[in-house]
Amino acid sequence: MIQLDKQYEPGEVEKRWGRFWEEKKFFHADETRKSPAFSIVIPPPNITGRLHIGHAFNNTLQDILARWKRMQGFNVLWQPGTDHAGIATQNVVERQLDKEGTTRQKLGREPFVERVWEWKEEFGGTINKQLQTLGCSLDWERDRFTMDEGLSKAVREVFVTLYEEGLIYKGDYIINWCPRCRTALSDLEVEHQEEQGHLYHLKYPFKESKDFLIIATTRPETMLGDTAVAVNPKDERYHQFKGATLVLPVLNREIPLIEDSYVDTTFGTGALKVTPAHDPNDFELGKRHQLETINIMHPDGAMNSLASPAYEGLDRFECRKKLVGDLKDSGVLVKIEDLSHSVGHCYRCRTVVEPYLSKQWFVKAKPLAEPAMQAVRDGSIKIVPKFWENTYFEWMENIRDWCISRQIWWGHQIPAWNCQACGEIIVVRETPDSCSACSSKNLIQETDVLDTWFSSALWPFSTLGWPEKTESLQCFYPTSVLCTGFDILFFWVARMIMMGIKFMGEVPFRDVYIHALIRDSEGQKMSKTKGNVIDPLEVMEQYGTDALRFTLAAFAAQGRDIKLAEDRIEGYRNFCNKLWNASRFVLMNLDDYKGSCILDEKANLSTADRWILSRLNRATKEVNESLEAFRFNDVALTIYKFIWNEYCDWYIELAKSKLSNPGPERVAVQNVLIHVLDSALKLLHPLMPFITEEIWQKLPQNGESIMVSAFPEFRESHLNEFVEKEMELVMEVITGVRNIRGEMNLNPGLKLNVLVKTQNDEIQKTLQGQSLYIKELARVEQLEVGPDIEKPNVSASSVLGGMDLIIPLEGIMDFQEERNRVEKELKKIEKDLIFLDKKLSNPNFVKKAPAEVIEKDEQRKASLSEKQVKLQIHLKTIEQALC
RNA sequence: GGGCGGGUAGCUCAGUUGGGAGAGCACCGGCCUUACAAGCCGGGGGUCACAGGUUCGAGCCCUGUUCCGCCUACCA
């Protein structure tokens with residue numbers, strides 16, 4: 001006899017089955033298998049990462065899909081791996097060095113990179129272990145890292161090919177520069193924030209006269225790099241100064257007044273200071289007018305010698321302060337206005353980003369973006385929910401070249417070599433030993449590394465062995481679904497599509513499922529600094545992994561953000577326990593059971609049996625359809641309701657009476673109980689893998705694991721609308737009796753006699769046939785059903801659809817309670833009748849609404865009227881008794 | 001500046017073709033009914049942000065307003 005504890009204890013169970021699945025290699029995907037493939041690549045978490053609620057959410061959804069498809073018989077690959085996370089990881093190790101009182105510069109490049117590898121070996125596996133704890137069925141044998149050998153080869157192949165095709169180029173441009181990380185950033189890596197700043201108005205005198213222009217700037221220190229002042233050619237205010245020369249204050253540099261239609265006449269004074277080396281617009285302007293570019297800053301954000309000795313060495317913000325003071329003293333500063341404007345910050349360290357002129361590598365984006373847009377347009381890739389397609393197109397249409405070089409050390413070093421003899425740039429797959437132009441052996445490799453997202457963009461095929469033509473690639477590319485948050489739609493998803501199409505000639509995935517992001521209960525982004533983090537590991541510890549996973553699935557509606565409420569987790573923990581106890585009940589009643597979980601189709605099934613089978617099939621249908629459409633919340637809700645509100649609340653209760661006597665009825669009920677439980681566990685398994693495995697292993701089945709058992713399929717033959725109607729009727733009577741009992745404060749233990757008066761033969765037959773259920777579940781002593789039942793004067797009564805429910809209460813009747821109850825109900829009926837009357841007396845409604853809608857309303861009106869009359873009569877007798 | 005998402009019960013959220021609004025938690029009343037008190041039974045609670053419009057009929061479709069959140073953008 002199998003015994004379960006009274007409460008489900010997840011801790012030990014989860015460890016046990018996690019190990020079991022691992023040992024049995026159930027997560028392993030075999031590319032030689034014949035069955036159709038289903039593949040997902042994990043959004044590779046950073047090796048610096050620790051499992052946060054976002055990971056838990058993202059990976060739970062993927063695991064649900066993987067487990068579901070696996071049970072459906074697909075050859076499932078869920079590809080694991082981690083990302084080297086260039087800047088983030090470098091920062092972590094740099095902080096470590098800082099504690100040791102040293103820096104990466106002191107250490108030198110190679111030893112530093114060595115140090116990062118050491119760090120990776122020691123701590124890089126954390127996130128994978130945590131994903132295992134979460135139950136993720138990733139194929140760990142295929143674990144990849146964006147810097148491992150194969151992926152590095154892919155990166156090199158892609159870089160060289162793009163360079164050869166002219167899609168990668170190097171040049172001097174204004175880029176976003178983080179002075180703290182001392183590297184370039186792509187446009188995406190800059191986070192803009194609206195901040196309260198100042199607009200400084202400065203006087204720039206003309207060389208030839210005493211006149212001056214007033215220009216406005218938010219970054220006064222950049223004036224040290226000014227090489228012109230620009231006005232709009234249409235701006236009549238400045239026509240008289242055409243061709244004039246100005247003298248830059250402080251430095252006394254002579255700079256020209258130029259005309260360019262870019263200048264907005266309505267902003268400030270309509271005169272714009274031009275700093276080509278420190279502003280992207282000014283840079284373009286400078287190119288158009290062949291202006292000199294003067295870079296006044298060191299890479300760390302301190303001013304250099306070109307900023308004049310007075311400011312050299314000062315940090316940009318100190319310089320601003322000092323300069324403003326000086327300008328004020330010298331009368332150059334006219335006024336300071338408050339101005340709120342958006343300021344860019346480094347997405348890794350929050351430092352204010354500086355537009356900075358430097359030599360960088362870029363990917364020409366337009367030619368790659370075009371086919372990537374086409375793929376979504378023609379449906380080769382489907383984005384779910386669809387509204388994200390707009391955002392995708394919006395960005396892709398305005399895409400700008402991608403700055404891919406980073407001045408850090410941790411990452412893929414750019415495969416380009418500079419010939420020290422002739423200046424040739426050599427970009428090749430294999431490290432060259434001499435210059436292709438002048439044969440010099442004096443070559444130095446480019447020191448920059450690639451943007452981390454460059455290697456991530458190749459993830460769907462690089463992980464499968466590309467550029468080799470591997471069997472894995474053949475089998476699993478294109479992948480089936482990509483599941484991710486919208487925060488990396490541009491960073492990652494769009495770039496994967498571009499690279500996938502370019503290098504594989506085929507989209508990287510068929511569906512992109514974009515889920516919401518998890519926020520705290522205030523709707524704020526969770527972050528350690530705010531202290532509003534829900535730690536999934538703690539939640540798993542406290543409530544169990546299955547409860548967490550189910551909660552996440554239940555919250556996964558297709559919106560934009562999720563405010564996670566902790567009490568919901570508790571609620572779903574209770575659901576685990578409910579399932580546990582239902583199973584406990586079933587197993588307790590299986591001592592003499594010789595059968596299996598397979599439904600005995602020949603058995604003589606009761607109405608309740610056929611009802612639960614019908615309901616099971618509806619649930620099965622819904623679960624499969626919802627999973628197909630990535631409606632995880634519907635999946636969760638459907639199973640929850642089925643297990644709790646139908647299987648537990650009704651079927652198990654209905655089953656009890658039939659279980660009490662040995663015989664064929666008991667066997668049949670045992671069979672249905674176990675069959676439905678088995679199916680429900682399977683439906684639930686993708687969401688709650690651990691508890692379902694634990695219970696399933698105790699059922700009379702001979703499979704190895706629920707995770708490789710067959711997922712339930714919809715069977716139309718098990719739908720039975722007639723039986724569902726019958727049971728609805730039975731439930732209505734039971735609920736009706738309970739309602740009266742509750743409302744009239746009758747002792748729950750008190751056995752009642754119940755009369756049901758009805759003219760309807762079907763109802764009579766059903767209630768008489770199912771009277772046992774009513775007696776058991778409503779605690780009824782005697783049930784009498786018929787057309788000519790006399791209603792005793794002292795009785796509570798309510799009118800249900802097509803029948804009157806009468807409960808004689810001689811001696812225990814509280815007339816006042818009954819009057820309140822009936823009056824309450826009459827009020828409701830009156831309200832409904834007024835509404836219906838209005839509707840049905842509207843000629844337009846009767847003329848235009850579909851016949852079935854009108855008929856439905858008319859029937860409702862008739863039955864409500866009948867109910868009203870009966871209740872009024874009943875109320876009268878109550879009132880008489882009260883007098 | 002442009003775009004997107006949201007405003008539904010006290011709280012957190014569902015609501016897939018338009019036919020009188022649902023769940024969980026919280027609340028009220030009653031129960032240790034031998035699977036489960038992390039439970040069972042019953043109950044109360046909503047002008048579906050606001051204003052128009054389309055329609056016989058709108059939480060759902062259209063227009064406008066407003067509040068919250070996000071993305072995007074070269075007005076110094």
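So you know, we letter chains A, B, ... as the sequences are listed, proteins then strands, and number each from 1.
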With the threshold set at 4.0 Å, does a side-chain nitrogen-carboxylate oxygen contact exist between [X] and [Y]?
| X | Y | result |
| --- | --- | --- |
| A:Lys828 | A:Glu825 | no |
| A:Glu570 | A:Arg573 | yes |
| A:Arg821 | A:Glu817 | no |

Counting only side-chain heavy atoms from C-beta out, which of [options] sits nearest to [X]?
| X | options | result |
| --- | --- | --- |
| A:Asn574 | B:G24, B:U12, B:G39 | B:G39 |
| A:Tyr262 | B:A35, B:U16, B:C74 | B:C74 |
| A:Asp634 | B:A14, B:G19, B:C70 | B:A14 |
| A:Trp644 | B:G39, B:G43, B:C41 | B:G39 |
| A:Lys824 | B:G44, B:G20, B:A38 | B:G44 |
| A:Asn577 | B:C25, B:U12, B:C36 | B:C36 |
| A:Asn844 | B:U16, B:C56, B:G29 | B:C56 |
| A:Phe585 | B:U16, B:A35, B:G2 | B:A35 |
| A:Arg568 | B:G42, B:A38, B:U12 | B:U12 |
| A:Asn390 | B:G20, B:A35, B:C4 | B:C4 |

Going by modelled atom types, is there a donor-acceptor pair between the base of [N] and the side chain of [X] at under 3.5 Å?
| X | N | answer |
| --- | --- | --- |
| A:Glu653 | B:A35 | yes |
| A:Arg741 | B:G30 | no |
| A:Lys6 | B:C36 | no |

Mind checking [X] for me? I need base, sugar-phosphate or nothing, with any heavy atom below 4.0 Å counting as a touch.
| X | result |
| --- | --- |
| A:Ala582 | base |
| A:Thr275 | nothing |
| A:Arg821 | nothing |
| A:Phe835 | base |
| A:Pro280 | nothing |
| A:Leu489 | nothing |
| A:Lys578 | base |
| A:Cys648 | base |
| A:Leu746 | nothing |

* Using the P atom as the reference point in each nucleotide, state the distance between B:U63 and B:G5 in Å, no decimals. => 12 Å
* **Side chains of A:Asp401 and A:Tyr173, donor plus acceptor under 3.5 Å** => no
OP1 or OP2 of [N] versus the side-chain N and O atoms of [X]: is any pair under 4.0 Å?
| X | N | answer |
| --- | --- | --- |
| A:Asn842 | B:G57 | no |
| A:Lys656 | B:A35 | yes |
| A:Arg738 | B:G30 | no |

* Which atom names give the shortest non-hydrogen contact between A:Val635 and A:Ser626, and what distance separates them? -> CG2-CB, 3.5 Å
* Nearest nucleotide by nearest heavy atom, which residue falls closer to the 5' end of RNA chain B, A:Leu637 or A:Lys831? -> A:Lys831
* Under the side-chain hydrogen bond (donor to acceptor under 3.5 Å, both in side chains) rule, what do A:Glu776 and A:Ser657 come out as? Steps first, then yes or no, please. => CA-CA 7 Å; A:Glu776 290 288 328; A:Ser657 60; 5.3 Å; no
* **Nucleotide B:G19, atom P - distance to CZ of A:Phe845 in whole Å** => 13 Å
* Asked: Rounded to whole angstrom units, what separation is found between the CD atom of A:Gln7 and the P atom of B:G39?
  -> 10 Å
* Answer yes or no as to whether B:A76 has its base stacked against A:Phe267, where stacking requires a ring-centre separation under 5.5 angstrom and planes under 30 degrees apart. => no
* Verdict with reasoning, A:Lys656 to A:Glu653, per salt bridge (Lys or Arg N to Asp or Glu O under 4.0 Å) -> CA-CA 5 Å; A:Lys656 280 178 180 171; A:Glu653 295 307 319; 3.2 Å; yes
